[in-house]
Amino acid sequence: MRHDLVIFDNDGVLVDSEPISNRLLAGYLTELGHPTSYEDSLRDYMGAAMHRVHDLVRERTGQRLPDDFDDVFHARVFAAFERELKPVAGAADVLERLAADGVPYCVASSGSHERIRVGHRAAGLDRWFNEERIFSSQDVGRGKPAPDLFLHAAERMGVAPERCVVVEDSPLGVRAAVAAGMDVYGFTAMTPAERLAGATQLFGSMEELPSLLV
């Protein structure tokens with residue numbers, strides 16, 4: 001192994017949640033009078049913590065989102081997860097191989113702890129992640145693209161940043177990993193390669209990942 005810790009982003013890397021959550025986010029913002037397409041949501045919010053949604057809406061319109069925005073949105077997302085969510089193709093095989101080989105890994109997500117757990121249960125990935133392997137933007141002051149979350153995960157896992165590799169599919173996540181001084185493998189299944197241009201390496205299928213990690 002050229003790295004001592006593999007840090008996975010969650011949404012779009014382990015669970016195929018980005019189409020669900022961005023469809024619902026675009027719909028809810030539009031419903032509240034802030035017209036947003038699915039493509040707008042992917043461009044502006046994919047890989048981001050919820051505070052970015054509030055910040056951009058306020059910056060662009062001068063208006064605040066409702067106080068219960070996060071609660072309503074998450075209720076819709078969690079209900080959809082229970083109905084629709086699947087693991088990213090090949091993600092379970094990667095996790096099984098890392099666990100079998102004794103390779104340290106964890107997840108570091110912009111989503112809340114509750115969102116991560118709900119998604120893992122719905123997608124059948126929860127058996128690979130105990131609480132000690134789950135890190136959320138809730139744990140730090142600043143979400144991606146700040147490096148705080150990845151640095152926090154590395155510290156808690158006892159690994160120096162330069163010995164970590166991050167698996168990411170969002171431009172914000174790639175920027176965060178680079179800022180943390182970590183290698184980052186950009187997953188291009190949903191994100192055009194040019195938007196992940198800062199990544200150490202790009203790959204388009206989870207089947208490719210194990211060979212990149214050895």
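Everything numeric in this text was worked out from a predicted model, so none of it was measured.
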Handout entry: Over 12 foreign heavy atoms within 6.0 Å of CD, Glu155
Key = no

Problem - Test item: Val53 and Leu25 side chains (from C-beta on) under 4.5 Å apart, heavy atoms - result: yes

Problem - Backbone of Asp139 reached by a side-chain donor or acceptor of Ser136 within 3.5 Å - result: no

Handout entry: Beyond-backbone contact of Phe135 with Val107, side-chain heavy atoms, under 4.5 angstrom
Key = no

Practice task
Output yes when a side-chain donor or acceptor of Asp101 lies under 3.5 Å from a complementary backbone atom of Val103, and no otherwise.
Solution key: no

Exercise for the section: Could you tell me whether Arg43 atom CZ has more than 12 heavy atoms of other residues or ligands within 6.0 Å of it? Expected result: yes

Exercise for the section: Would you indicate whether the side-chain heavy atoms of Met190 and Pro19 approach each other to under 4.5 Å? Expected result: yes

Exercise for the section: Verify whether one side chain among Ser17 and Asp11 offers a donor that lies under 3.5 Å from an acceptor in the other. Expected result: yes

Exercise for the section: Please check if the side chain of Glu82 supplies one atom and the backbone of Phe78 the other of a donor-acceptor pair under 3.5 Å. Expected result: no

Completion exercise
Between Leu196 and Val174, the two heavy atoms sitting closest are CD2-CG2, 3.8 Å

Practice task
Measure the CE-NE2 distance between Met50 and His74 for me, rounded to the nearest 0.5 Å.
Solution key: 5.0 Å

Fill in the blank from the handout: d(Ile20 CD1, Leu24 CG) to nearest 0.5 Å is 7.5 Å

Problem - Main-chain N/O of Thr30 paired with His34 side-chain donor or acceptor, under 3.5 Å - result: no

Exercise for the section: Mind listing the closest non-hydrogen atom pair of Leu172 and Gly47 along with its distance? Expected result: CD1-C, 4.3 Å

Problem - cation_pi(Arg133, Tyr105) dist<6.0 Å, angle<=45 - result: yes

Practice task
Using modelled atom types only, decide if a donor and an acceptor are shared between the side chain of Thr188 and the backbone of Phe203 within a distance under 3.5 Å.
Solution key: yes

Problem - Interatomic distance, Leu202 atom CG to Asp169 atom CG [nearest 0.5 angstrom] - result: 12.0 Å

Practice task
Check the hydrophobic clustering (I, L, V, M, F, W, Y; side-chain heavy atoms under 4.5 Å; chains of links allowed) and say if Val13 and Val118 are grouped together.
Solution key: yes

Practice task
Measure from the side-chain N and O atoms of Tyr45 to the backbone N and O of Arg52, and report whether any donor-acceptor pair falls under 3.5 Å.
Solution key: no

Handout entry: Side chain proximity check, Leu65 to Arg58, heavy atoms < 4.5 angstrom
Key = no

Problem - Backbone of Ala26 reached by a side-chain donor or acceptor of Thr36 within 3.5 Å - result: no

Practice task
For Asp93 and Glu207, run side chain to side chain contact (heavy atoms under 4.5 Å, CB included): C-alpha distance rounded to whole Å, both residues' side-chain angles, the deciding distance at 0.1 Å, then the answer.
Solution key: CA-CA 8 Å; Asp93 293 335; Glu207 294 177 355; over 6 Å; no

Practice task
Report whether Phe81 and Val88 are members of the same hydrophobic cluster (ILVMFWY, side-chain heavy atoms less than 4.5 Å apart, transitive linking).
Solution key: yes

Handout entry: Any side-chain heavy-atom pair of Tyr185 and Val6 under 4.5 Å
Key = no

Problem - Candidates Arg115, Arg121, His120 - the one meeting side chain to side chain contact (heavy atoms under 4.5 Å, CB included) with Arg117 - result: Arg121

Completion exercise
Of all heavy-atom pairs linking His3 and Asp183, the shortest is NE2-OD2, 2.8 Å

Practice task
Tell me whether Leu213 is reachable from Trp128 by hopping between hydrophobic residues (I, L, V, M, F, W, Y) whose side-chain heavy atoms are closer than 4.5 Å.
Solution key: yes

Practice task
Kindly state whether the ring of Tyr28 and the ring of Phe69 have centres lying under 6.0 angstrom apart.
Solution key: yes

Practice task
Check whether more than 12 heavy atoms from other residues, nucleotides or ligands sit under 6.0 Å from atom CZ of Arg64, and answer yes or no.
Solution key: no

Exercise for the section: Return yes if a side-chain donor-acceptor contact under 3.5 Å exists between Asn22 and Ser41, otherwise no. Expected result: yes

Completion exercise
Residues Arg23 and Tyr38: closest non-hydrogen pair is N-CD1, 3.7 Å

Handout entry: Within-4.5 Å side-chain heavy-atom neighbours: Asp4 and Pro104
Key = no

Exercise for the section: List the steps and the verdict of salt bridge (Lys or Arg N to Asp or Glu O under 4.0 Å) for Arg76 and Glu84. Expected result: CA-CA 12 Å; Arg76 295 182 182 186; Glu84 306 174 42; over 6 Å; no

Problem - For the student: nearest non-hydrogen atoms of Pro210 and Arg97, plus distance - result: CB-NH1, 3.3 Å

Problem - Verdict with reasoning, Val178 to Val184, per side chain to side chain contact (heavy atoms under 4.5 Å, CB included) - result: CA-CA 7 Å; Val178 171; Val184 53; 4.1 Å; yes

Exercise for the section: Would you indicate whether the side-chain heavy atoms of Val15 and Asn10 approach each other to under 4.5 Å? Expected result: yes

Practice task
Grab the two heavy atoms, one from Leu14 and one from Leu125, that are nearest each other, plus how far apart they are.
Solution key: O-CD1, 3.4 Å

Exercise for the section: Check whether Leu95 and Val159 end up in the same hydrophobic cluster, where Ile, Leu, Val, Met, Phe, Trp and Tyr are linked by side-chain heavy atoms less than 4.5 Å apart. Expected result: no

Completion exercise
Output for pair (Lys144 NZ, Met46 CE), nearest 0.5 Å, gives 10.0 Å

Practice task
Check whether Val94 and Leu212 end up in the same hydrophobic cluster, where Ile, Leu, Val, Met, Phe, Trp and Tyr are linked by side-chain heavy atoms less than 4.5 Å apart.
Solution key: yes

Problem - Asp67 atom CG, neighbour heavy-atom count above 12 within 6.0 Å - result: no

Practice task
Could you check Arg142 against Asp148 for salt bridge (Lys or Arg N to Asp or Glu O under 4.0 Å), going step by step and ending with a plain yes or no?
Solution key: CA-CA 6 Å; Arg142 300 180 300 170; Asp148 304 34; 2.9 Å; yes

Practice task
Examine distances only and state if a side-chain atom of Ser110 and a backbone atom of Ser137 form a donor-acceptor pair shorter than 3.5 Å.
Solution key: no

Problem - Val165 side chain near Leu5 side chain, heavy-atom distance below 4.5 Å - result: no

Practice task
Determine yes or no for a side-chain-to-main-chain donor-acceptor pair under 3.5 angstrom, with Gln138 supplying the side chain and His113 the backbone.
Solution key: yes

Practice task
Drop me the distance from Phe187's CZ to Glu208's CD, to the nearest 0.5 angstrom.
Solution key: 8.5 Å

Problem - Residues Glu132, Arg156; criterion salt bridge (Lys or Arg N to Asp or Glu O under 4.0 Å); working and verdict - result: CA-CA 8 Å; Glu132 287 72 30; Arg156 291 290 299 274; over 6 Å; no

Fill in the blank from the handout: dist Ile7:CD1 -> Ser109:OG (nearest 0.5 Å) comes out at 12.5 Å

